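Worksheet: the structure to be examined is printed underneath.
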Amino acid sequence: MFVNKGGKQRTSRAGWSGEGEVAIDPDYPTRLNFYQKAPLLEISIEEFEQFALDRLQVLKAIEAAQLRGRDEAEIFKQVEAVCRERMCLSASAGSMAIRHDERRKDHISHFILRLAYCRTEDLRSWFLRYECALFRHRLMAVDAAEKQRFIASLNLGHKQLSKKEKDLMRTELMASCAHIPNFNFENESFLEVNFEDALDLVQHRRVYLRNGYAYVPAMEQMALVIGEFKRRLAASLEMYAKALPRMDEDERLMPVLLNISRQNTGKEYTTDAVAGKVTADDVEPLSALFPLCMSHLHNGLRSEGHMKHGGRMQFGLFLKGIGLPLDEAIVYWRRAFHKSTDDEFQKKYVYNIRHNYGMEGKRADYTPYSCARIITSNQPGAGDHHGCPFRHFSPDNLRRELLVSGVDEADVQEMLQLVTGGHYQVACTRLFEVTQLARARQQGKAAANVASAETITHPNHYFEQAFNLMSPGKQQNGMEIESGANASQHAIGKRWRGSN
RNA sequence: GGCGGC
DNA sequence: GCCGCCAACATA
Ligand code: SF4
C-alpha cells in the first residue's frame, strides 16, 4: 500500500474558515479523499456487499449520466442526486459520528471496488475512469475552503512562484494563458510543478514549459489534483492486480469480489423468445455461446479496445440480434472502446449505432448479417477482424484459432477438410457440435438428445441454438455452476431463476 | 468503410 | 475540421 507522505495532516488553520465551528474528524478531515491508506476491514458481510453495491451504483450512474446528459450542468445534477441517495457525504449536517460513518463507507467501498476491479485491464480502466469522474464531481461540489484544506493536506509539492520569478517569465506565462477568457496576469499566481505531473495540461498546450517544469496558473490546479489522483489510483490498481493471484486461493473473499465486478443494476430478466433482454454486462458471459466469427471479433475488441468499421457492423448487428437493446449497446460499446474519449466516442460512433437500431435517418431496423453475406461480401483487410474465419482465415490461422477454442486435433482436421471443399457453414456446424452440443450432453441437457445439429445459416441462429441447449434441461436444479463452469452459465442461471 | 453536405 | 446517411433479410 502507498505510504502517505502527508500523513500528519491535521487541522491546520482551516477551522477558522468555511465550516466555522464544525469539529474536524481526525480520520476524515474532509469529504475528499485520495484513498492512500486502506481501511481496517472490521465489517459484516452484509455491510461489505451493501457498501460495494452502493458505490457501484454511483459509478454506473455517472457512466449513464455522461452518456445521456446533454450538458455539464445536467450531468452534475444527475450525479449529485445519485450520490446523495447512495453515498451521501455531509459537510456539516448531523453529528460528527454520522459524518464519520458516511466517510468510512466512502473509504471502504472504494477499496472493495478497487480490489474487485483490479483483475483485468477492462475492469481497471472502467473503474479508473469513473472513480476519477466521481472525484472530480466532488471536487467541484465542495466549498472552496474545504477544497483548499484538502489540497494543502496532500503536499503535492506545488511550489508557488514568487513575484520576482513570475515577472521574469512574464511574457511566456502570459502567452500560455492566452486561451483563458479574461485573464488577469497580476492577480493570478503560478505554480511550478514537475512537467510529468501536468501532462494533461501540457498536451493541450495550456502551460508554459521550461527545463522539466510546467508553470500552471493557480486556477488550473484542480486539473493537477485530478491528474494526480488518477496516476496514483492507476498505479495502485496495477499493484493490486499483481498481488491478487496470491490471495486468490485461501481467501473466501474472491467469490464475493467476482460477484461484485459482474453485478448489474439489478434488472430483472424475462425469458421470452431467446435470451430475453440482454444488458451490456451480459455480453461477456454470453460470448461463450457465440459462433467463431463473433467470438473472434469479441476477442479482438477486448484486446485492442477498438474495432474497425466492418467489424462494428457485423458484431453490432449481431449483438442487437441476441437481444441487446439500444441503450445497452451504447453502454457496451462505450465501455469496450476504452481508449476513446467520451467526446470522440460520441462524435464518431453513437450516430452509427443508433442508425443500426433504426433510430436515425430512414429508420430501418437492420437485420444482422447472414453467413452467406459475411462469407461473400466485404473481405476483411489488414486490421480487420470481421468476416468468417472458416472462409477468410489462412488454414494455419484457422487451425490455431480452433485449437485455442479447445477443439481436438481430429475434429480440427475434419473442419479443415470441409473448408477446403468450400463448405464453410458445414465446418461451422461441426464446431457447434463438438463444442456447444458436446458440452450440453455432458451436462445431461434434455435438448442435447440429438445426433447432429442443423446446418448453421446465420450467426444468430448459431447463438440461439447454443442458448436453447442450456435452459430446457435443468436436471441438477440450478446447480450448474460446477468445476468446468464458465461465465455463460452464470448469466443463464440468472434467467432460469427469474423465469420460474 | 463508403457516399454526401458545409 | 465538423456533420448526416447508408448497409440487412435466417427464422419455426
Ligand atoms: S459460418 Fe456463419 S456463423 Fe459460422 S463463423 Fe462463418 S459466418 Fe460465422
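Here the structure is a predicted model, which means the values were calculated and not measured. To find a chain, count down the sequence lines: A is the first, B the second, and so on, and within it residues start at 1.
- To the nearest 0.5 Å, atom CG of residue A:L286 and atom CE of residue A:M470 are 10.5 Å apart.
- C:dG1 atom C1' lies 14 Å from atom CD of A:E344, rounded to whole Å.
- Proximity note for A:N356 (side chain, C-beta onward) versus C:dC9, C:dA10, C:dA7: the nearest is C:dA7.
- The C1' atoms of B:rG1 and C:dA10 are separated by 25 Å, rounded to the nearest whole Å.
- Between the CD atom of A:Q379 and the C1' atom of B:rG2 there is a distance of 16 Å, given to the nearest Å.
- Taking atom CD of residue A:Q465 and atom P of nucleotide C:dT11, one finds them 11 Å apart after rounding to whole Å.
- The OH-P distance, from A:Y357 to C:dC5, rounds to 19 Å in whole Å.
- Between A:K347 and A:R363, the residue anchored nearer the 5' end of DNA chain C, judged by the nucleotide with its closest heavy atom, is A:K347.
- When distances are taken from the side chain of A:R373 to each of C:dC5, B:rG1, C:dA8, the shortest belongs to C:dA8.
- At least one cation-pi condition fails for A:K230 and A:F135: the charged atom is not both under 6.0 angstrom from the six-membered ring centre and inside a 45 degree cone around its axis.
- One donor-acceptor pair, N or O on each side, does fall under 3.5 Å between the base of C:dC6 and the side chain of A:N352.
- Between C:dC9 and A:Y366, no contact under 4.0 Å exists linking OP1 or OP2 to a side-chain N or O.
- Across all strands shown, A:R312 has no heavy atoms under 4.0 Å from either base or sugar-phosphate atoms.
- Residue contacts shown for A:D365 include a base, since a base heavy atom lies under 4.0 Å away.
- If you measure from atom NZ of A:K362 to atom C1' of B:rG4, you get 15 Å, rounded to the nearest angstrom.
- In terms of polar N and O atoms assigned as donor or acceptor, the side chain of A:T367 comes within less than 3.5 Å of the base of C:dA8 in a complementary pairing.
- Rounded to whole Å, the distance from CZ on A:R354 to C1' on C:dC5 is 14 Å.
- A sub-4.0 Å separation between OP1 or OP2 of C:dC3 and a side-chain N or O of A:K348 is absent.
- With hydrogens and angles ignored, no donor-acceptor pair under 3.5 angstrom links the side chain of A:H461 to the base of C:dA12.
- Rounded to an integer number of Å, the gap from A:I374 CD1 to B:rG1 P is 19 Å.
- Nearest heavy-atom pair across A:P395 and A:L416 is O-CD2, 4.0 Å.
- Figure legend: cation-pi geometry between A:K60 and A:Y130 absent, as NZ or CZ is not positioned both under 6.0 Å from the six-membered ring centre and within 45° of its axis.
- Cation-pi geometry between A:R114 and A:Y240 is met: under 6.0 angstrom from the ring centre, within 45 degrees of the axis.
- Here B:rG1 presents its C1' atom at 12 Å from OH of A:Y349, a figure rounded to the nearest Å.
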